[in-house]
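Reviewing the structure listed below.
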Amino acid sequence: MATYSKPQVSILNGIVMGGGAGASVHGRFRVVTENTVFAMPETALGLFPDVGASYFLSRLPGFFGEYVGLIGARLDGAEMLACGLATHFVPSLKLSLLEEALCKVETSDPNAVSAIINEYSEQPFLKEDSVYHRMDVINKCFSRKAIEEILSSLEMEAMSKADNWISATIQTLKKASPTSLKIFLRLIREGRLLGVGPCLVCEYRIVCHVLKGHYSKDFFEGCRAILLDKDRKPKWEPSKLELLSDSDVDRYFSKLDDEEWEDLELLKALSSKLFIINCLEIKF
């Protein structure tokens with residue numbers, strides 16, 4: 001999707017999380033509404049933001065991508081537009097008119113498609129308590145080299161002023177899988193220097209290691225605690241950040257030494273006229 005020559009239009013009118021983001025955010029046009037809720041909550045599940053997240057989150061302003069991916073922060077349509085995850089904001093009441101207009105398009109010219117979407121677009125306002133107003137703190141703290149340093153920086157901020165958002169951010173990080181946090185921080189930093197293809201290949205390799213469960217079974221424990229038993233009390237192993245060394249994280253990035261687990265091979269880019277995805281509460 002990220003390399004299609006045809007202009008893909010993704011309409012995000014509802015909950016768009018995980019795989020739903022992967023099926024939409026890579027498109028050229030991402031249309032959000034007042035109903036849109038975006039998140040990549042995988043670190044709370046013992047996994048990590050994948051489906052190309054190391055590519056598209058690393059392209060967000062400053063270190064906002066680190067914040068969104070590590071915390072699993074929920075963003076609304078206005079915030080998605082502000083940070084670049086979305087290209088247009090269209091009120092949900094106008095979506096049927098937009099879709100009707102797009103279905104009549106007989107050209108693959110992106111400028112023509114953009115002009116049609118622009119006819120129905122509006123400029124939304126960020127809410128007063130939007131996390132996007134906190135970019136100074138996010139850049140200061142989430143630019144650190146290690147998760148431990150990010151936490152330390154946030155705790156220093158919390159000591160200097162009472163702020164519920166900072167406290168909640170600290171608690172969210174402490175509840176997430178230490179392994180997932182360390183994997184994703186390294187992944188997004190490397191992804192910032194890679195194209196989307198290499199990012200997908202790397203993420204696939206890490207997912208294979210996670211599913212094999214040789215180094216950690218956090219993903220299975222996260223599924224148990226969040227999705228099955230729903231006690232929301234996962235027992236991560238290792239349980240603390242300091243118990244994970246750089247070499248422990250390196251293993252997830254290594255090539256699979258198993259004939260039954262092969263690296264991802266990407267298809268060549270396809271071309272056509274126009275591709276429309278209506279992402280109405282896509283959750284994977």
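The residues of the chain are indexed from 1 along the displayed sequence.
Residues L256 and L47 are members of one and the same hydrophobic cluster, defined by side-chain heavy-atom contacts under 4.5 angstrom among Ile, Leu, Val, Met, Phe, Trp and Tyr. In terms of hydrophobic clustering, with Ile, Leu, Val, Met, Phe, Trp and Tyr side chains grouped at heavy-atom distances under 4.5 Å, L244 and I147 are assigned to different clusters. Note on W236 and L181: separate hydrophobic clusters, where clusters join Ile, Leu, Val, Met, Phe, Trp and Tyr whose side-chain heavy atoms are under 4.5 Å apart, directly or indirectly. Linking Ile, Leu, Val, Met, Phe, Trp and Tyr residues whenever their side-chain heavy atoms come within less than 4.5 Å places I206 and L211 in a single cluster. Note: the hydrophobic cluster containing W165 also contains L151 (ILVMFWY, side chain heavy atoms under 4.5 Å, direct or indirect links).
How far CG of L154 is from OH of Y67: 10.0 Å, rounded to the nearest 0.5 Å. With values rounded to the nearest 0.5 angstrom, Y55 atom OH is found 14.0 Å from L187 atom CG. Of the inter-residue distances, the one linking I116 atom CD1 with S121 atom OG reads 11.5 Å to the nearest 0.5 angstrom. A distance of 12.0 Å separates SG in C199 from CG in D50, rounded to the nearest 0.5 Å. Interatomic distance, CD1 of I117 versus CZ of F89, reported as 14.5 Å (0.5 Å rounding). The line from CD of Q8 to OG of S10 is 4.0 Å long, rounded to the nearest 0.5 Å.
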*Criterion side chain to side chain contact (heavy atoms under 4.5 Å, CB included) on V37 and M17, from CA distance to verdict*: CA-CA 8 Å; V37 179; M17 297 183 180; 4.2 Å; yes

*Please assess R134 against D163 for the test side chain to side chain contact (heavy atoms under 4.5 Å, CB included), listing each intermediate value before the final yes or no.*
CA-CA 11 Å; R134 299 178 178 271; D163 190 319; 2.8 Å; yes

*asked:* Test side chain to side chain contact (heavy atoms under 4.5 Å, CB included) on F38 and I15; report intermediate values, then the result.
replied: CA-CA 6 Å; F38 169 93; I15 299 173; over 6 Å; no

*asked:* Is there a side chain to side chain donor-acceptor pair (under 3.5 Å) between S92 and E34? Walk through the geometry before answering.
replied: CA-CA 7 Å; S92 59; E34 74 281 2; 2.4 Å; yes

*Chi angles and distances behind the side chain to side chain contact (heavy atoms under 4.5 Å, CB included) call for L70, L173*: CA-CA 7 Å; L70 292 170; L173 281 174; 4.1 Å; yes

*Give the C-alpha distance, both sets of side-chain angles, the deciding distance and a yes or no for salt bridge (Lys or Arg N to Asp or Glu O under 4.0 Å) between E99 and K104.*
CA-CA 9 Å; E99 291 182 36; K104 296 177 181 178; over 6 Å; no

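When the shell of 6.0 Å around CZ of R189 is examined, it contains more than 12 heavy atoms from other residues, nucleotides or ligands. Residue K212 places its NZ atom among more than 12 non-hydrogen atoms of other residues, nucleotides or ligands, all under 6.0 Å distant. Atom CD of E242 has more than 12 heavy atoms from other residues, nucleotides or ligands within 6.0 Å. Counted within 6.0 Å of CG on D250, heavy atoms from surrounding residues, nucleotides or ligands total more than 12; the atom is thus considered enclosed. Heavy-atom contacts from other residues, nucleotides or ligands closer than 6.0 Å to CG of N118 number more than 12. The environment of NZ in K140 is sparse: at most 12 heavy-atom neighbours from other residues, nucleotides or ligands sit within 6.0 Å.
Side-chain contact between I226 and R232: present, with at least one pair of heavy atoms (C-beta onward) separated by less than 4.5 Å. In this structure, the side chains of P178 and K240 stay at 4.5 Å or more apart for every pair of heavy atoms. Annotation: side chain of Y120 is not in contact with side chain of L93 (no heavy-atom distance under 4.5 Å). Counting heavy atoms from C-beta outward, K6 and R28 have side chains that stay 4.5 Å or more apart. D218 has its side chain out of reach of L45: every pair of non-hydrogen atoms, C-beta onward, lies at least 4.5 Å apart. With a 4.5 Å cut-off on side-chain heavy atoms, L243 and E237 do not count as touching. Contact check for L126 versus H133: side-chain heavy atoms found under the 4.5 Å cut-off. L75 is listed as a side-chain neighbour of L85, based on a closest heavy-atom distance under 4.5 Å.
The side chain to side chain contact (heavy atoms under 4.5 Å, CB included) test with V131 singles out one residue from V68, I138, T169, V137, and that residue is I138. Of the candidates V25, V51, V16, M40 forms a side chain to side chain contact (heavy atoms under 4.5 Å, CB included) with just one, namely V51.
G197 approaches L266 most closely through the heavy-atom pair CA-CD1, 3.4 Å. Nearest heavy-atom pair, F29 versus P7, reported as atom, atom and distance to 0.1 Å: CE1-CB, 3.7 Å. Here the closest heavy-atom approach between residue S58 and residue R192 is recorded as O-NE, 3.2 Å. Residues L81 and A86 come closest through the heavy atom pair CD1-O, 3.7 Å. The minimum heavy-atom distance linking F63 with S143 is given by the pair CE1-CB, 3.3 Å. Of all the heavy atoms in F220 and G213, the pair that sits closest is CE1-CA, 4.3 Å.
Formation of a donor-acceptor pair under 3.5 Å by the T43 side chain with backbone atoms of F48 is not found in this model. Between the S153 side chain and the E149 main chain, no donor and acceptor come within less than 3.5 Å of each other. Remark: the backbone N or O of G46 is paired with a side-chain donor or acceptor of S180 at under 3.5 angstrom. Between the T36 side chain and the D76 main chain, no donor and acceptor come within less than 3.5 Å of each other. Between the side chain of T172 and the main chain of A168, a donor-acceptor pair closer than 3.5 Å is present. The backbone N or O of L241 sits less than 3.5 Å from a side-chain atom of K182, completing a donor-acceptor pair. Listed for the D263 side chain is no donor-acceptor partner under 3.5 Å among the backbone atoms of K255. Side chain of E221 to backbone of K235: a donor-acceptor contact under 3.5 angstrom is found. Between the side chain of S254 and the backbone N or O of R251 there is at least one donor-acceptor pair closer than 3.5 Å. A distance-only check finds no donor-acceptor pair linking the side chain of R30 to the backbone of T87 [under 3.5 Å].
Side-chain atoms of E203 and S54 include a donor-acceptor pair closer than 3.5 Å. Side-chain polar atoms of S245 and D248 form a donor-acceptor pair below 3.5 angstrom.
Annotation: Y132 is in aromatic contact with F64 [ring centroid separation under 6.0 Å].
Cation-pi geometry between R186 and F253 is met: under 6.0 angstrom from the ring centre, within 45 degrees of the axis.
The aromatic rings of F56 and H26 sit perpendicular to each other, their planes meeting at more than 60°, with 30° as the lower class boundary.
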